[in-house]
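What follows is a single structure, written as structure tokens, with notes after it.
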There are 2 protein chains.
Amino acid sequence: MASGQRRRISPTIYDVAQAAGVAPSTVSRTFSRPGRVNSETADRIRKVAAELGYRTNPMARALATTHSSLIALVVPDITNPVYFEIINGVQDEAAEAGYTVLLVDSRESDKREREALERALPIVDGIVLGTSRMSDASIRMIAKQKPMVALNRAVREIPSVVPDNARGVRRALEHLGELGHDPVTYLAGPEASWADGMRWRGLREASLELSVHVRRLGPLSPNVAGGVAGAKAWMLAPTSGVIAYNDLVAIGFIRAVQGRGIGVPSDVSVVGYDNIFAADLVSPALTTVATPRRALGAAAVRNLVAQIKGAHPRGGPPVVVPVKLVERASTAEAPGAAVRLPHSGGHTVPDILPAPENA
Amino acid sequence: MASGQRRRISPTIYDVAQAAGVAPSTVSRTFSRPGRVNSETADRIRKVAAELGYRTNPMARALATTHSSLIALVVPDITNPVYFEIINGVQDEAAEAGYTVLLVDSRESDKREREALERALPIVDGIVLGTSRMSDASIRMIAKQKPMVALNRAVREIPSVVPDNARGVRRALEHLGELGHDPVTYLAGPEASWADGMRWRGLREASLELSVHVRRLGPLSPNVAGGVAGAKAWMLAPTSGVIAYNDLVAIGFIRAVQGRGIGVPSDVSVVGYDNIFAADLVSPALTTVATPRRALGAAAVRNLVAQIKGAHPRGGPPVVVPVKLVERASTAEAPGAAVRLPHSGGHTVPDILPAPENA
DNA sequence: TTGAAAGCGCTAACAT
DNA sequence: ATGTTAGCGCTTTCAA
């Protein structure tokens, strides 16, 4: 008693079957495999169903078929703008294929990622694993239980789709080279980062080809604080060209050097990576490598759905999607061989790398 | 033949029951209502279950209980930084209560929102509806089918949790007033926005109390472009103090006026709303009203879970969570009665409000 | 405290 | 093309 509104109890295929004068299985077929039933009866059934307000019960269907039409998308940090477009790409492609996506945010925590995956695993048909914090071994473990594709990271034996990191940094270096910057500093990402490894490697190769010298500085944490730390270290041996591991690092770097009276791009040109939302908001607007994140997500889903539908997971080389350089205001002609530092000379700088990031 | 790895078939309560020498129902109780079974037998069952790698099947449980332990969180735009913390708050609180959250991004589209909700409805136990694009009537319709709580918007008859908009704008105006700004321009949000209505109302009340004049300018779309349009209009009758509907609008406004050679905060002080990620990244860093988004999300989930557990949805006044002003660099002492405009006088400005936003 | 048995709503052989 | 009939794996009376 004292009941609030009562939630209506839904009709089942049995109710519809009775009302339409057919067998329950015919009703089931009408909704699960149209075509397997006479179009006239089907129409009648659909009509009756509509009148009764029948809706197929996904749980019952899932139990019977062992398919939930749910896929999980795991990202390390929903807060990171990099994932916006990936999420959209995944959602769209999934919807198109008739899947609903369960978005899991692991918050950069190994523990959380495991727990969330644990929760999700039994109810999803497959997993898109974005930039995982877990070990390759753990990942393969999970891939044994459900179809999976790795995103932004190539995992051996697991279908993977990654952006063309090598080409991205190459374009960045090319751009800086054309503007006369040499040498160029690479503000490196986290040590454990697969992407950082790829980028640094790509940079070294490009360095040879383009005859532009490249120095590595890091590791840095992949955020604004990391950029600030990088700036401190860079002051020890400044270069007029800088390529950052990602846009956040680039932004942190720029703010830090600007704070020291160094102009961007008048004194240093810096290029970011990812082309996040904020890249166009900061001053100066950031020149950066745009990764096709939406395409990345879509490609991952296509592959995953294929697996779910029975395709053999192909453990071959990862699918590589193209990137492009977006030129904005943070890069310009090199001022000369070396950047002019206002305080250079008598200025004291920290002598340990990377500098602590609590500045 | 060509077979990929085969996914292991999972043991059921029957397997565990047999191995442990008990009835299936006892195994079920062990996991679904511990305490209803002798602790020794329970231990034994758990041990056997662990050995067999038994995991309870959520679909089967859902079918039997009609509870999925899933809740949906609907947001209009995952891309909007405002939702980061809300999402985190919801996820955390949900996890704590034993629920997994199905994140639905409606992309500002009524159609999408409906479709996604349609998909989600049958599989979730309840819904947290953030800043819906739908009409109150549609919302109530859905609330009839599943427990629901509205977020960031008060819907009559539906439990709602909202930030203290009135107090937020009051603090903003107070701050500007103390710095000597009067009158102050309010860069209004979308016409249909519930939050905008609340803020404007709060502003008028505060205006009376604080004796600071306030003008409304808008409606503007709630993004950077809207801020740019607002700046154009503001040029017609500039004020030294500006309060924006949200941070994005504030950022757009600032960039636009800076482009005209107007200094922030030297010529105009502007305060944003929301305290999004980027607010601390732009130059000057934005003074803004911080809404406790994580708390907002958590409160919504607590309410929702209570409803799911059988509490009567309370249609009373919305739960209001407190906000606070974060002072940064975009506000300062007023330069005088009116702002000095470099081009004021002979400068031509558009004469229709709001200005087209494709500038 | 435990067991036996009847569903939950749907799908999928197998028959007709 | 449609009907019959078992389940899918779990929960939940009802008995014992």
Side-chain angles (χ1 to χ4, degrees), chain A residues 7-46 48-49 52-70 98 119 121-125 145 308-310, chain B residues 7-46 48-49 52-70 98 121-125 145:
Chain A
R7 320 272 172 202
R8 184 178 57 88
I9 200 133
S10 336
T12 72
I13 49 173
Y14 292 94
D15 301 318
V16 177
Q18 189 170 16
V22 297
S25 53
T26 306
V27 178
S28 171
R29 286 189 197 102
T30 304
F31 293 103
S32 58
R33 34 197 39 165
R36 291 266 201 181
V37 52
N38 182 301
S39 67
E40 289 171 20
T41 27
D43 284 347
R44 182 159 45 91
I45 290 174
R46 263 189 287 268
V48 173
L52 263 47
Y54 167 78
R55 321 236 43 195
T56 129
N57 179 328
M59 327 263 212
R61 191 204 289 263
L63 182 55
T65 62
T66 69
H67 287 317
S68 64
S69 290
L70 243 39
R119 274 180 182 284
L121 251 185
I123 64 173
V124 301
D125 292 345
Q145 315 192 43
I308 293 173
K309 295 241 160 85
Chain B
R7 322 267 173 204
R8 184 179 57 89
I9 199 128
S10 340
T12 73
I13 51 173
Y14 292 93
D15 301 318
V16 177
Q18 188 170 19
V22 297
S25 52
T26 305
V27 177
S28 171
R29 287 188 197 102
T30 305
F31 292 103
S32 59
R33 33 199 39 167
R36 291 263 200 183
V37 52
N38 182 301
S39 68
E40 288 171 18
T41 29
D43 284 348
R44 183 158 45 91
I45 290 174
R46 263 189 288 267
V48 173
L52 263 48
Y54 168 78
R55 319 239 46 194
T56 130
N57 178 327
M59 327 261 213
R61 190 203 290 260
L63 181 56
T65 61
T66 71
H67 287 316
S68 64
S69 291
L70 243 39
L121 251 185
I123 65 172
V124 302
D125 292 345
Q145 314 192 46

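In what follows, every chain begins at residue 1, and chains take the letters A, B, ... in the order their sequences are listed.
- Protein atom CZ of B/Phe31 is 16 Å distant from nucleotide atom P of D/dG9, rounded to whole Å.
- The shortest distance between side-chain heavy atoms of A/Thr12 and A/Asn57 does not fall below 4.5 Å.
- Where A/Val27 and B/Thr26 each meet DNA chain C at their nearest nucleotide, the meeting point lying more 5' is that of B/Thr26.
- In this structure, the CZ atom of B/Arg33 is 8 Å from the C1' atom of D/dT11, given to the nearest Å.
- Summarising the geometry, the separation between CD1 on B/Ile45 and P on C/dT1 is reported as 13 Å, rounded to the nearest angstrom.
- Computed from coordinates, the B/Asn38 CG to C/dT1 C1' distance equals 7 Å when rounded to whole Å.
- Closest approach to the A/Ile13 side chain among C/dC10, D/dC10, D/dT2 is made by C/dC10 (side chain taken as heavy atoms from C-beta onward).
- Checking B/Gly21 against B/Leu63, the closest nucleotide of DNA chain C that is more toward the 5' end is the one next to B/Gly21.
- Note on A/Thr12: only backbone sugar-phosphate atoms sit closer than 4.0 angstrom, heavy atoms only; bases stay farther off.
- For A/Ser39 and B/Pro24, each mapped to the nucleotide of DNA chain D holding its nearest heavy atom, the one lying further toward the 5' end belongs to A/Ser39.
- Checking the phosphate oxygens (OP1, OP2) of D/dT11, a side-chain nitrogen or oxygen of B/Ser28 falls inside 4.0 Å.
- Here the side chain of B/Arg29 is nearest to one of D/dT13, D/dC10, D/dG3, namely D/dT13.
- Between the CZ atom of A/Arg44 and the P atom of D/dT2 there is a distance of 8 Å, rounded to whole Å.
- Side-chain N/O atoms of A/Tyr14 include none lying less than 4.0 angstrom from OP1 or OP2 on C/dT11.
- Here the side chains of A/Leu70 and B/Ile123 are in contact, with some heavy-atom distance below 4.5 Å.
- Residue B/Met59 contributes atom CE, which lies 16 Å from atom C1' of D/dG7 at whole-angstrom precision.
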- Task: Show your reasoning for whether side-chain contact (heavy atoms from CB on, under 4.5 Å) applies to A/Leu121 and B/Arg55.
- Result: CA-CA 11 Å; A/Leu121 251 185; B/Arg55 319 239 46 194; over 6 Å; no

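- Atom CG in A/Asp15 sits roughly 10 Å away from atom C1' in C/dG9 (whole-Å rounding).
- A/Arg61 and A/Thr56 share a donor-acceptor pair across their side chains, judged by distance under 3.5 Å alone.
- Phosphate contact (OP1/OP2 of D/dG3, side-chain N/O of A/Ser25, threshold under 4.0 Å): absent.
- Atoms OG and CZ, on B/Ser69 and A/Arg119 in that order, are 8.0 Å from each other to the nearest 0.5 Å.
- Of the listed nucleotides (C/dG3, D/dG7, D/dT2), D/dG7 has the atom at the smallest distance from the side chain of A/Ala64.
- Within 4.0 Å of B/Thr66, counting heavy atoms only, lies no atom of the nucleic acid at all.
- For the pair B/Arg61 CZ and D/dC10 P, the computed distance is 9 Å after rounding to whole Å.
- Look at A/Arg36 and you won't find any side-chain N or O under 4.0 angstrom from OP1 or OP2 of D/dT2.
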